[in-house]
> 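Okay, here's the structure, questions in a sec.
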Amino acid sequence: MIKAKHSLGKSPLFWIAVLLIQTLGLSGQSLDSVNRCATMESYWFGLRSRGDSSHPLEIANQRINAYLAEKKALRQTEFEVINIPVVVHVIHNEPSGAIGGSGNANITEEQIRSQIRILNEDYRKIPGTPGDNDNPVGVDTKIGFYLADVAPDGSQTNGITRTYYSAKSVFNPYADAQLLAGIISWPTDQYLNIWVCALSGNYLGVAQFPSLSGFPGLDDSQAEEALTDGVIIDYRAFGDRGAVPSNNYDMGRTTTHEVGHWFGLLHIWGDARCGDDYCDDTPWAEGSNTTSCNERFSNCRGSRTRNMIENYMDYSPDRCMNIFTFNQMERMHAVLELSPRRAKLVENARKAKLEESEKLQVQVFPNPVVDKMVNVEIRHKGYQDVTISITDLQGHVHETSRIEKMWSRLVSLPVSNLSRGVYLLVISNESGEKNVSRFVVN
């Protein structure tokens, strides 16, 4: 039976609290005393600022329920693995551009890559990692993540941008989403944008719920919401190394949680006493778990149940979390089909990738080269580091580039600096495979 819906109304005291939070700077408190997630508050703040009296999340979840019921009636219960390209925008006010170190929002690439690893461990329930579990309701969501290897202009990228912004050192999780997106944003129908910066009010993260076309407040036609569509994370809770000082929020689960909101999931207690998260296989809860991994119990609807403190959509410390349920997975995949931007992102990701092969395969075209550009189809197994070199027949290396962690895909290489002649394109990957192909520049 579907959980009973709760009222999403907010009292005037809530809005007073929101206004106070807008004025806060970064406090001196430890990250072990935090406001874990600003997503629901941001949602209500957005509706109020637009004068919107509707509750689009309720409407959206009704549509998701109807969609899932239809799929079950048609016995369509299989889920393909979907891999989401991610771009991480690091916003900092370090004048020297120095990377890493305590108190520096310009975090290291190692810290960023640790977060992508954690997302895959958690969403794919990878054995032997903290994301694995033997709970009968814990599932592999069949959703993976990778740092984008192609920028919007078609050039190669490591999926990380760094922007020095001197006008502000701390950003408000409600009021500054537009500001951050104005500083830098990649097309949100092609990438999951994650902004990493210092957040005010001791908030760790905030996400934008998916738009479902035609619903007030979440309509895809709203250009500003398209620009800000993504996740914002405090740099001190991103990944599991580097500038991560907390004992409770040092395993990257803040991003796992906020990306869950980006997929449309609600908090497990439904943001009300015994509220509804619209998932049939999560127990009722009187409220959130906070700083302990000890068992908690709730009395809702006349019965006593154990809280699922292990669920990524609770507020538990990172070390407690390791479960997405089947119904949560269903709802995420439903959003990837129903939300226009999410569906387009998935389709764009599919187009960018090629079907993988068991062994390294390379195809070079056109050959001879036309317009000083050579295209290379690189196919291999899985997700690997790739090195690309161009040499002449005498063995002199003219160009070398390395792409960290790429799927099988098409790579375009400019060769305008090469004189006429025959060249060798040398492709190698982290599996130790190597391919040498000849091409001609006229």
> Could you list all the side chain to side chain donor-acceptor pair (under 3.5 Å) pairs where at least one residue sits in residues 138-149, not counting sequence neighbours?
Arg124-Asp140
> At their closest point, which heavy atom of Lys381 faces which heavy atom of Glu356, and how far apart are they?
NZ-OE2, 3.2 Å
> Would Asn327 and Glu330 count as having a side-chain donor-acceptor pair, cut-off 3.5 Å?
yes
> Look at the side chain of Tyr235 and the backbone N and O of Ile91, then say whether any donor-acceptor pair between them is shorter than 3.5 Å.
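No; zero donor-acceptor contacts below 3.5 Å.
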> Between the main-chain N or O of Glu433 and the side-chain N or O of Ser431, is there a donor-acceptor pair closer than 3.5 Å?
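Pair absent, no side-chain N/O of Ser431 close to backbone of Glu433.
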> If I compare all heavy atoms of Cys197 with all of Leu180, which pair ends up nearest, and what's the gap?
SG-CD1, 4.1 Å
> With no hydrogens and no angle check, is any side-chain donor or acceptor of Asn307 less than 3.5 Å from a backbone partner on Ile309?
no
> Would you check if Arg331 and Asn61 make a side-chain contact, meaning some heavy-atom pair closer than 4.5 Å?
yes
> Kindly say whether Thr228 contributes a backbone atom to a donor-acceptor pair with the side chain of Gln178 at under 3.5 angstrom?
no
> Measuring from Thr161:OG1 to Trp195:CH2, what's the distance to the nearest 0.5 Å?
10.0 Å
> Taking the six-membered ring for Trp, are His92 and Tyr164 parallel (under 30°), tilted (30 to 60°) or perpendicular (over 60°)?
tilted
> Answer whether the closest heavy-atom distance between the side chains of Val362 and Val376 falls below 4.5 Å.
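Counting from C-beta outward, Val362 and Val376 do come under 4.5 Å.
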> Do you know which two heavy atoms are closest between Pro152 and Tyr191, and how far apart they sit?
N-OH, 3.2 Å
> Taking the side chain as C-beta and beyond, is there a heavy-atom pair between His261 and Phe209 under 4.5 Å?
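The answer is yes; the side chains approach within 4.5 Å.
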> Taking atom types as modelled and ignoring hydrogens, do the side chains of Thr39 and Glu258 form a donor-acceptor contact shorter than 3.5 angstrom?
yes
> Does Tyr123 use its side chain to pair, donor to acceptor, with the backbone of Gly260 at less than 3.5 Å?
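Yes.
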> Are there more than 12 heavy atoms of other residues, nucleotides or ligands under 6.0 Å from atom NZ of Lys344?
no
> Working to the nearest 0.5 angstrom, can you tell me the gap between Ile403 CD1 and Gln384 CD?
12.5 Å
> Keeping the roles fixed (side chain from Ser357, backbone from Lys359), state whether a donor-acceptor pair exists under 3.5 Å.
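Judged by distance alone, yes, a pair lies under 3.5 Å.
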> Any idea which heavy atoms bring Phe263 and Leu336 closest together, and the distance?
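Looks like CE2-CD2, 3.7 Å.
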> Does the Asp314 side chain pair with the main chain of Ile268, one donor and one acceptor, at a distance under 3.5 Å?
no
> Quick check for you: to the nearest 0.5 Å, what is the distance between Asp229 atom CG and Gln208 atom CD?
4.5 Å
> Does the Lys NZ or Arg CZ of Lys125 fall within the cation-pi geometry relative to Tyr312 - under 6.0 Å from the ring centre and within 45° of the axis?
no
> I'd like to know if the side chain of Thr108 and the backbone of Gly100 have a donor-acceptor N/O pair within less than 3.5 Å.
no
> Of the non-hydrogen atoms in Pro340 and Ser211, which two are nearest, and what is the gap between them?
CD-O, 3.4 Å
> About how many Å separate CG of Asn311 and CE of Met321, when rounded to the nearest 0.5 Å?
8.0 Å
> When you look at CG of Asp371, are more than 12 heavy atoms from neighbouring residues, nucleotides or ligands closer to it than 6.0 Å?
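No - once you tally the heavy atoms of other residues, nucleotides and ligands closer than 6.0 Å, there are 12 at most.
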> Starting at CG of Asn83, measure out to CH2 of Trp407 and round the result to the nearest 0.5 Å.
4.0 Å
> So, Glu41 side chain and Pro173 main chain: donor-acceptor pair closer than 3.5 Å or not?
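It does not hold such a pair.
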> Is there a donor-acceptor contact under 3.5 Å from the side chain of Asn106 to the main chain of Arg162?
no
> State, with a plain yes or no, whether a side-chain heavy atom of Ile143 is found less than 4.5 Å away from one of His333.
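In contact.
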> Under a 4.0 Å threshold between the charged nitrogen and the carboxylate oxygen, would Glu110 count as salt-bridged to Arg113?
no
> Distance check, rounded to the nearest 0.5 Å: Asn158 atom CG versus Glu109 atom CD?
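Those atoms lie 5.0 Å apart.
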